[in-house]
2 protein chains.
Amino acid sequence: MKRGGFRTSLRDKIIHVSLHLFEEHGYHGVTVKQIVETVGTSKGGFYHHFTSKDELLFVIHDTFITYALEKATIANETYTSPTLRLQAIIKSFIKVFDLYKAHISVFYQESNYLKGNYQVSIKCKRKQFKQIILNVIEEGQHTGEFRDNISIEISTMAILGMVNWTYKWYKKTGDKSIDEIGDIFVDIVLRAILSNESVNNNAYQKFIIQ
Amino acid sequence: MKRGGFRTSLRDKIIHVSLHLFEEHGYHGVTVKQIVETVGTSKGGFYHHFTSKDELLFVIHDTFITYALEKATIANETYTSPTLRLQAIIKSFIKVFDLYKAHISVFYQESNYLKGNYQVSIKCKRKQFKQIILNVIEEGQHTGEFRDNISIEISTMAILGMVNWTYKWYKKTGDKSIDEIGDIFVDIVLRAILSNESVNNNAYQKFIIQ
DNA sequence: TTAAACAGACCAACCAGTCGGTCTAATCAT
DNA sequence: ATGATTAGACCGACTGGTTGGTCTGTTTAA
């Protein structure tokens, strides 16, 4: 049976199991022996599908960041105004948490253990993601939708921080859904960076309350 | 010569060196051998001052969180209005980054490797810190300074995320000083959560521009 | 028959922590 | 003042257990 076949392959099982083990105990807190025992396979099975434990860590990183980047790009291309774009990006990104919570946890906690080309590849995609937000804010300042008396760079990092940090506390069983959280984040961000003119227009109400 | 003497003790040297090694390579990426070689001491010297590598990690965590907690408490006690309090807390916290950037990096990247009582002790202080912000926002909503149509919990996490994330990107050599960054953060947060009445009062201008 | 999928014993390297010993400087007895 | 005593600071070879990874062999499916 080839990779991507109609039955879950051992490869996928290993990723799935490792993900949750890494999330709980950290990359270094989990041994390959533990992984194969939990999966119900052997060292041979593991190393048939992965060249190293490092590669497994990379795959986990890559699946998440690739997905997030794709969603952000789509959100960016779907809308034309910076306000709508920023809103869509934030909401699409926060939604990723429902799907990839475990990936993200591992991503932010273990990314500095990635080695060589693995690290280079991931860092590049991270940069692209940040750049998307940065561009939107810059554009919004030019069109006058966003106030321009605030640093683009710092605003971007503030937004990224606010959203990224969610991995530390978000739980599916919490009393706020990821959609509600996303709405609040959009509210906070837009209130903070929209220009006074935009706020006075219906623009603000329209986008926030939707 | 006793600990805390007028010359930097070996203990302090070990902490200082480990800090920067951990920051760059992660706790698991640094061996005790590397530490003692960099310091210019020996295994014996290391284990004379620390019972384990774990304890060293704990000490690093503890010095930072204890300091941050103390500063937040002071900021909280110095002012009476929630707006001023929140402003002071954010600014005091962001200032900690200048002093303890390395500690904070290690803190957020390795805290889940702390074991047993070490972990319990740190988690407790983290909770206290979060609670301080939570209380301020709650109080602000009661006094009417902050708008009350926004979740206290999510607002708190948004603020914490925005500020905490700074450890990922802040550099002393960057073109924004930590003070400027703090001011922007305060601006963003207050714009986002002040009630419309507060904004219309001079309160807003007064506090932001100071 | 063949090639991929998997099993599991095995290994070399590594690493946190130990332990007997040395050095140094302060304290004390004479 | 000076030799004896002592305690803390520090040294570094060594160890016991662990870990990522290998290798040879077996099963399975086409």
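Labels below follow one simple rule: chain letters A, B, ... track the order of the sequence lines, proteins then strands, and each chain is numbered from 1.
- Every residue was checked against the ring-ring contact (aromatic ring centres under 6.0 Å, His included) condition with B/Y47, not counting sequence neighbours, and none meets it.
- Put simply, CG on B/L10 is 13 Å from C1' on D/dG8, counting in whole angstrom units.
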*Apply side-chain hydrogen bond (donor to acceptor under 3.5 Å, both in side chains) to B/D98 and B/Y170, showing your working.*
CA-CA 9 Å; B/D98 254 349; B/Y170 173 66; 2.6 Å; yes
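- Within residues 47-56 of chain B, the residues that have a heavy atom under 4.0 Å from DNA chain D are, in order of number, B/H48, B/H49.
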*asked:* Please evaluate residues A/H61 and A/K125 with respect to the criterion side chain to side chain contact (heavy atoms under 4.5 Å, CB included), reporting the C-alpha separation (whole Å), side-chain torsions for both, the decisive distance (0.1 Å), and the verdict.
replied: CA-CA 10 Å; A/H61 276 63; A/K125 289 184 182 172; over 6 Å; no
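- Distance alone, capped at 3.5 Å, places no donor-acceptor pair between the B/Q87 side chain and the B/D187 backbone.
- Each of B/G44 and A/G44 has a nearest nucleotide on DNA chain D; the 5'-most of these lies closest to B/G44.
- At least one side-chain heavy atom of A/I184 sits under 4.5 Å from a side-chain heavy atom of B/S151.
- Non-hydrogen atoms lying under 4.0 Å from DNA chain D are contributed by B/T41, B/S42, B/K43, all within residues 35-43 of chain B.
- In this structure, NZ of A/K33 is placed 15 Å from C1' of C/dA7, rounded to the nearest angstrom.
- Within residues 105-122 of chain B, no residue has any heavy atom closer than 4.0 Å to DNA chain C.
- With A/T41 contributing its side chain and A/V36 its backbone, the two residues share no donor-acceptor pair below 3.5 Å.
- Considering only heavy atoms from C-beta on, B/Q119 stays 4.5 Å or farther from B/K115 through its side chain.
- For A/L57 and D/dT19, the CG to P distance is 17 Å, given to the nearest whole Å.
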*Mind running side chain to side chain contact (heavy atoms under 4.5 Å, CB included) on B/R191 and A/R147 for me, showing each step along the way?*
CA-CA 12 Å; B/R191 255 179 206 262; A/R147 64 204 184 96; 3.0 Å; yes
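- Below 30°, between 30° and 60°, or above 60°: for B/Y67 and B/Y100 the angle between ring planes is between 30° and 60°, a tilted geometry.
- Scanning residues 19-27 of chain A for heavy-atom distances under 4.0 Å to DNA chain D yields an empty list.
- Note that the CD1 atom of A/I14 and the CG atom of A/L19 stand 13.0 Å from one another [nearest 0.5 Å].
- Counting only residues at least two apart or on different chains, the ring-ring contact (aromatic ring centres under 6.0 Å, His included) pairs with a member in residues 69-96 of chain A are A/F93-A/F97, A/F93-A/F129.
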_Evaluate B/I132 against B/L69 for side chain to side chain contact (heavy atoms under 4.5 Å, CB included), listing each step before the verdict._
CA-CA 9 Å; B/I132 290 177; B/L69 198 52; 4.2 Å; yes
